[in-house]
Every structure is written in C-alpha cells, then in structure tokens.
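Here is the structure we will look at.
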Amino acid sequence: MAEEKSLNFIEEIIEEDLRAGKYKSIVTRFPPEPNGYLHIGHATAICLNFGLSKKYGGYTNLRFDDTNPVTEETEYVDSIKEDVKWLGAEWKNELYASDYFEQLYQFAVTLIKKGYAYVDDLTAEEIAATKGSHTEPGSDSPHRNRSVEENLQLFADMRAGRYADGEKVLRARIDMAHQNLLMRDPLMYRIRHAHHHRTGDTWCIYPMYDFAHGQSDSIEHVTHSICTLEFVPHRELYDWFIEKLEIFPSHQYEFARRNLTYTVMSKRKLKQLVEEKHVDGWDDPRMPTISGMRRRGYTPEAFQDFCDRVGIAKRENLIDVGLLEFCVREHLNKIALRRMVVFDPLKVVITNYDRENEFLEGENNPEDEDGGMRELPFGRELYIEQEDFMENPPKKFFRLFPGGMVRLKFAYIIRCDEVVKDDSGKVTELRCTYFPESRSGHDTSGIQVKGTLHWVSATNNVTAEVRLYERLFKVEDPSSEEGDFKDYINPDSLHTVTTAYAEPALRNARMDDRFQFLRKGYFTLDNKDTYHRLVFNRTVGLKDAWGKEQKK
RNA sequence: UGAGCUAUGGUGUAACGGUAGCACUGCAGAUUUUGAUUCUGCCUGUUAAGGUUCGAAUCCUUAUAGCUCAACCA
C-alpha cells in the first residue's frame with residue numbers, strides 16, 4: 001500500500017498547476033541580496049526552492065538581487081555561493097539582477113510610453129508627506145501629469161547622469177488613493193551615483209526591488225516565485241507590473257519565515273553581535289549563520305532533514321532548536337568516528353599491570369559494520385575523567401568510587417583500591433587493580449559492572465583544545481523580551497578546554513571528519529584555528545540521562 | 001485606530017465536510033562494554049461563541065489574539 005505523503009500548500013499549488021497543464025515543469029529561484037551572510041532562514045528557503053524544482057522536474061536559478069550598489073559587495077557573492085554549494089544545492093544558472101539593467105530600463109521606457117510611469121521631482125520627504133496614511137488617501141504629485149515625451153526625455157537625462165542623487169525619481173502611475181500603500185505611485189528608479197560591484201560606473205540610476213524582482217522572475221520564466229510573508233502586500237504591485245508590461249506571468253507565493261529558539265535571525269541583530277564582539281565573527285560556531293554552523297560541524301544532510309521535518313506553512317512559528325539538534329545527532333550518530341578524549345584528567349595507576357604496554361582494538365563506529373577498527377594504547381598509567389569518580393557517590397552512580405568496579409571501554413574492568421589526595425584534600429590519583437581475564441571481547445571474568453568509562457593512556461596520547469558551545473541566549477525568544485535583546489545573551493555560551501587528552505588516532509583527524517568523543521558529544525575540527533595544534537568544536541552534546549537525573 | 005495574513009498538544013506540521021495523525025520534546029520501562037544508540041508504552045491539542053449540516057478542525061458570522069504594511073532597503 002503506497003503511503004500518501006501529505007503536501008504542503010505550495011506543493012499543492014504546483015501539482016494543481018502541473019495537472020492543469022499550466023506548466024510542463026517548474027522554475028524557482030533563490031534570490032539573495034549580496035549584502036551579508038546567509039543564515040538558517042536562508043537555508044530553509046534554499047531547501048524549499050531547490051527541493052521543489054527537484055521534486056517536480058525543473059530547475060532553480062541562483063539570482064543575486066543586486067540593485068542597491070551601496071550595500072552590496074562581491075565578497076558576499078562569494079560567501080553566498082560557498083554556502084549554497086555546501087548545502088548541496090545545485091543551481092542551473094548563476095544570475096544577477098544587474099544583468100537585466102538594460103532590459104529593465106527598456107521596461108521602464110515601455111511603461112512611460114503607456115502612460116504608466118512618470119518622472120517626479122519631489123524630494124523623499126515630500127513623497128513621504130504626500131503618501132497619505134492607512135486611513136488617509138495620498139495626494140498627486142504636481143509632476144504626475146507630465147507628457148510622455150517629457151518623461152521620456154527626463155528619464156533619459158536621469159540615466160545620462162544629468163541629475164544628482166535624490167533630484168529625480170521614476171514612479172509608477174497607479175493611484176494615490178489606493179487601499180494598498182505600495183500601490184500609491186511607488187518608486188521604480190532612483191539616482192545613485194555609486195560604484196556597482198558588477199556594472200561598475202555604467203549606471204547611475206538603479207531599479208527598486210519592486211521593479212526588479214518580478215521582472216527578473218519574468219525574464220527567467222520563473223513559474224513559482226517563493227518569498228516570505230512580509231512580501232504579501234508587494235504581490236499586487238508584482239502582478240501590476242507584469243500585467244502592464246505584458247510579459248511572462250511569474251507568480252509570487254509567500255510562506256512564513258522560520259524562527260528558531262535561543263537565537264536571533266535578523267541581519268541587523270547578527271551584525272550587532274559581530275561588531276560588538278559578543279561572538280568571534282560571522283562564522284562563530286554559535287551564530288545561526290550557515291558558515292557558523294558549518295564551522296560548528298553541522299552537516300548538510302542534517303539541515304535537509306530538519307527542513308523536511310519542519311515543513312512549511314503560513315503561520316508564525318518558533319521552532320525548538322532541539323529539533324535541529326535531534327537531526328544533527330541522528331546523522332552524526334551514523335557517520336561519526338568514535339574516539340576517546342579526556343577533558344579533565346584524573347590519573348589512574350593500575351598497580352597490578354606490570355607488563356609491556358599493549359595495544360587494544362576499538363571499533364570506529366558501531367553503527368557502521370564496515371567502519372573498521374583503530375588501535376588504542378593501554379598501559380599502567382591512564383587518565384579518566386575527574387567527574388567519573390566520586391569518593392562518596394549518590395545512589396545510582398554507576399561510575400568509579402572507592403571499592404567500586406567499572407569497565408574501561410574497549411579494555412578491562414578495574415577496581416578502585418586506593419584514593420591519593422594532595423595536601424588540600426583534592427583527589428590526585430586512583431590506585432586500581434585490573435582483571436586480565438576481563439579484556440574486551442574476551443571477557444571470561446564473569447564480573448558484571450554497571451558503568452563503562454572512556455579513558456586515555458597517560459603516556460601515549462595527543463593533546464587538543466576543545467571548545468564547548470552552549471546556547472547563545474538565555475531565553476527562547478530574545479527578540480520578544482523586554483528591552484535589548486543583548487541583555488539576554490548567555491555569558492557562558494563558550495567553555496574552552498585548553499588541554500584535553502585524546503587517543504593517538506586523533507592525531508590524523510581531517511577537516512571533514514566527524515567524531516563522537518565517547519560520552520562527550522559530537523565534534524569536528526575547527527576550520528580556522530586548527531593549524532599547528534588540534535582544535536575541536538563540539539557540534540552538539542549527547543543526550544544525557546544522567547545529567548538530567550542529577551538535576552532532579 | 002485602515003488593509004492584509006494567520007490561529008490544531010509544550011514545539012513544528014497533517015487531516016481538503018466523515019475515526020484529530022506524524023515527528024520533536026517530556027515521562028515510564030526494556031536492551032546496552034557510550035547513563036549514547038536501539039526498542040516498548042504513556043501524557044498532552046482543534047482560540048472563543050454562534051450558525052449551516054445527518055455530520056464541522058475544515059464552510060459562514062462575530063469576537064479575541066498574534067504578525068505584516070506608510071525606506072530613494074530587499
């Protein structure tokens with residue numbers, strides 16, 4: 001029995017269009033403005049647009065909406081392409097709104113000729129003042145009824161650079177009393193004597209978003225132009241231009257942008273975090289940017305899964321970041337190489353171990369039969385985690401305590417015989433005995449233990465720096481709290497373990513490797529600071545039933 | 001206080017006039033050489049009030065709540 005996969009509302013629209021024969025295949029686009037870095041919100045838009053065209057047999061263009069020369073830079077174009085590529089999205093064409101400047105200019109001329117556009121001399125303030133309000137109609141500009149010839153000449157003069165910034169604009173001639181404020185003679189072109197990252201100084205007039213986006217969609221024959229809900233009021237204008245221009249009718253559909261708990265998503269706020277040094281940069285592993293999450297060790301597969309699970313709709317939402325963490329754990333659990341790393345060492349001396357150091361074997365990944373094994377040096381002196389020993393353990397403590405026994409993962413069962421302390425009473429060393437016949441995989445000892453600990457040889461290991469990240473904010477929705485969102489920054493979002501002791505296999509860690517440090521979480525090499533030393537970022541922790549139990 | 005959009009467990013999303021389902025979270029248990037993974041089970045929901053209908057989460061009305069809109073930004 002075939003399982004009916006339910007469709008989201010956009011898929012329903014597309015299937016209906018396809019069924020009705022409106023299109024044979026679909027074209028979507030991902031249209032970032034190259035003025036900043038991509039974040040998770042963009043990632044969901046990418047998954048949506050590229051996912052749709054893949055599902056329904058079509059393609060997706062990557063189009064840079066570069067109509068504002070003063071905010072846009074090539075640097076951003078490059079980082080955006082890198083991020084999109086990393087997510088696994090393959091665009092059909094790399095396009096730029098600026099590629100269409102000449103065509104857009106001709107569109108504007110067409111509208112002028114049809115009497116649908118005019119050059120206005122009003123200042124920005126005057127235009128705002130005559131715009132009216134939600135309850136009051138606007139009033140016509142005194143230049144609204146210039147002749148077509150005059151408009152044509154003036155617009156050509158604008159292009160030719162005869163005017164200074166702000167001196168003139170081209171407006172659509174619609175209705176200054178329109179219910180929709182966006183339809184009250186919106187601006188189509190403004191003068192900007194500025195260098196453009198691609199067209200250089202060729203142009204000094206630039207189209208506004210509303211006169212560039214829909215037309216670009218149309219030029220590319222985009223069938224389904226998907227954007228976020230705040231553009232709903234723009235749809236009327238979008239359709240108006242296409243109708244008056246009589247060009248390919250692209251259609252705009254809107255969905256609700258995704259919000260995540262314990263973070264902020266607006267460019268303005270992210271920028272503040274970077275500029276005021278609350279984080280290390282746009283790619284700080286705590287940032288919700290794609291570059292930040294990549295650096296932290298998230299995988300494209302996890303994002304894809306996340307997008308699929310979250311779905312798509314039109315209502316406001318605040319998605320539990322726990323879902324993203326679940327997705328990344330689920331993927332990493334399958335692919336991560338298991339390794340042992342001790343963050344806070346407590347020396348263990350095995351008093352009855354008097355032979356040569358030996359090498360034991362440990363599987364790389366119990367989830368992967370073909371994952372292979374690696375060697376683990378074992379010896380008389382080892383490190384275990386400080387927190388894995390308690391002199392006076394509470395109930396249900398499965399780890400080491402005086403007289404207690406645990407298994408060392410991949411190795412032997414040991415018993416704690418003696419606790420060595422320094423003058424201040426701090427435990428500095430445990431003296432233990434091991435049971436030779438309890439060797440992992442060959443255990444004939446018959447001893448049952450509750451706990452299994454990770455460990456590292458004290459004489460054969462490699463040191464590394466480990467960075468542990470917590471949530472960047474203390475509250476679920478920093479933006480909706482009283483006062484400044486920055487008041488809710490979690491001051492302890494980064495813990496650095498400068499010297500952790502790792503098993504030797506980690507010496508050969510590669511940048512795209514994913515690791516699970518046993519009982520510690522998932523880690524990956526930091527792509528910036530790993531140079532002459534190893535620096536690992538914790539992507540996400542393991543589920544921690546014991547930690548939860550303790551909090552009770 | 002004009003217009004538009006939206007309202008389903010704690011969270012996200014299905015059900016398209018006919019049994020409110022799935023996932024995450026949470027809780028309980030089993031297995032476990034990671035207190036991980038895996039497996040079982042459980043808790044929790046249609047914003048409200050009317051109306052139409054044999055039957056309403058779904059259609060209608062009203063109310064309520066949230067979001068969006070008056071940049072020469074996108």
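In the text below, chain A, chain B and the rest are named by the order of the sequence lines, each starting its count at 1.
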Query raised in the report: What distance, rounded to whole Å, do you find between the two C1' atoms, one in B:C39 and one in B:G55?
Result: 40 Å

Requested in this report: Kindly write out the residues that satisfy side-chain hydrogen bond (donor to acceptor under 3.5 Å, both in side chains) with A:His134, not counting sequence neighbours, or none if the list is empty.
Outcome: none

Query raised in the report: Who pairs with A:Tyr238 by side-chain hydrogen bond (donor to acceptor under 3.5 Å, both in side chains), at least two apart in sequence or on another chain?
Result: A:Asp217

Query - By salt bridge (charged side-chain N to carboxylate O under 4.0 Å, His left out) - contacts of A:Arg415 (at least two apart) - result: A:Asp417

**Report entry** Between B:U13 (C1') and A:Leu48 (CG): distance, integer Å
**Finding:** 14 Å

Query - Sugar-phosphate, base or nothing in reach of A:Tyr412, heavy atoms under 4.0 Å - result: nothing

Query raised in the report: Which part of the nucleic acid, if any, lies within reach of A:Gly441 when heavy atoms closer than 4.0 Å are counted: base, sugar-phosphate only, or nothing?
Result: base

Query - Inter-nucleotide C1' distance (B:C60, B:U53), Å rounded - result: 12 Å

Query raised in the report: Hey, are A:Lys396 and A:Glu549 close enough for a salt bridge, meaning a charged N less than 4.0 Å from a carboxylate O?
Result: yes

Query - Gap in Å between the two P atoms, one belonging to B:U25 and one to B:U40, rounded - result: 15 Å

**Report entry** Options B:A14, B:U34, B:A3, nucleotide nearest the side-chain atoms of A:Ser6
**Finding:** B:A14

Report task. Output the single nucleotide from B:G35, B:A14, B:G66 whose closest atom is nearest the side chain of A:Asn8. Result -> B:A14

Report summary line: Comparing nearest nucleotides in RNA chain B, the 5'-proximal residue of the pair A:Ile312, A:Leu542 is A:Ile312

Query raised in the report: Does A:Arg258 have any salt bridge (charged side-chain N to carboxylate O under 4.0 Å, His left out) partners at least two apart in sequence or in another chain, and if so, which?
Result: none

Query raised in the report: Would one find a side-chain N or O of A:Arg258 under 4.0 angstrom from OP1 or OP2 of B:U13?
Result: yes

Query raised in the report: Between the base of B:U1 and the side chain of A:Thr135, is there any donor-acceptor pair under 3.5 Å?
Result: no

Query raised in the report: Sequence neighbours excluded, which residues qualify as side-chain hydrogen bond (donor to acceptor under 3.5 Å, both in side chains) partners of A:Thr539?
Result: none

Query raised in the report: What pairs of residues pass the salt bridge (Lys or Arg N to Asp or Glu O under 4.0 Å) test when at least one of them lies in residues 321-330 of chain A, not counting sequence neighbours?
Result: A:Arg309-A:Glu330, A:Glu325-A:Arg471

Query raised in the report: Using the P atom in both, what is the distance from B:A23 to B:A57, to the nearest Å?
Result: 23 Å

Query - Selection residues 364-377 of chain A - residue pairs positive for salt bridge (Lys or Arg N to Asp or Glu O under 4.0 Å), sequence neighbours left out - result: A:Arg374-A:Glu503

Report task. Under 4.0 Å between any heavy atoms, over every strand shown, what does A:Arg439 touch: base, sugar-phosphate, or nothing? Just pick one. Result -> base

Query raised in the report: How are the rings of A:Phe485 and A:Phe473 set to each other: parallel, tilted or perpendicular (split at 30° and 60°)?
Result: tilted

Requested in this report: Please list every stem that involves RNA chain B, where a stem is a run of 3 or more consecutive Watson-Crick or G-U wobble pairs with both pairing distances under 3.5 Å.
Outcome: B:2-7 with B:64-69, B:10-13 with B:21-24, B:26-30 with B:38-42, B:47-51 with B:59-63

Query raised in the report: Is the shortest side-chain N to carboxylate O distance from A:Glu385 to A:Arg519 below 4.0 Å?
Result: no

Report each atom pair, protein N/O against N/O of nucleotides 26-30 of chain B, whose distance is under 3.5 angstrom.
from: B:G26; atom 1: OP1; to: A:Lys548; atom 2: NZ; distance (Å): 2.5

Query raised in the report: What is the per-nucleotide protein-contact pattern of nucleotides 69-74 of chain B, from the 5' end, where B denotes a base atom under 4.0 Å from a protein heavy atom, S denotes such proximity for sugar-phosphate atoms only, and - denotes neither?
Result: BB-BSB

Which atoms of nucleotides 19-23 of chain B (N or O only) lie under 3.5 Å from a protein N or O atom, and what are those distances?
from: B:A23; atom 1: O2'; to: A:Arg309; atom 2: NH1; distance (Å): 2.8

Query - Interatomic distance at P, B:U37 relative to B:A28, whole Å - result: 15 Å

Query raised in the report: Is A:Arg519 side chain donor-acceptor paired with the B:U34 base, going by distance under 3.5 Å alone?
Result: no

Query raised in the report: So, A:Arg198 and A:Asp66, do they make that salt bridge, N to O below 4.0 Å?
Result: no

Query - Mutual orientation of the aromatic rings belonging to A:Phe155 and A:Tyr105 [parallel < 30°, tilted 30-60°, perpendicular > 60°] - result: parallel

Query raised in the report: How long is the gap from CD on A:Glu301 to SG on A:Cys327, to the nearest 0.5 Å?
Result: 12.0 Å

Report task. Indicate, with a heavy-atom threshold strictly under 4.0 Å, whether A:Ile319 touches base, sugar-phosphate, or nothing. Result -> sugar-phosphate

Requested in this report: Can you sort out the partners of A:Glu167 under side-chain hydrogen bond (donor to acceptor under 3.5 Å, both in side chains), two or more places apart, ordered by chain and number?
Outcome: none

Report summary line: d(A:Thr261 OG1, A:Asp320 CG) to nearest 0.5 Å is 4.5 Å

**Report entry** Length of the OH-P vector between A:Tyr522 and B:U34, whole Å
**Finding:** 13 Å

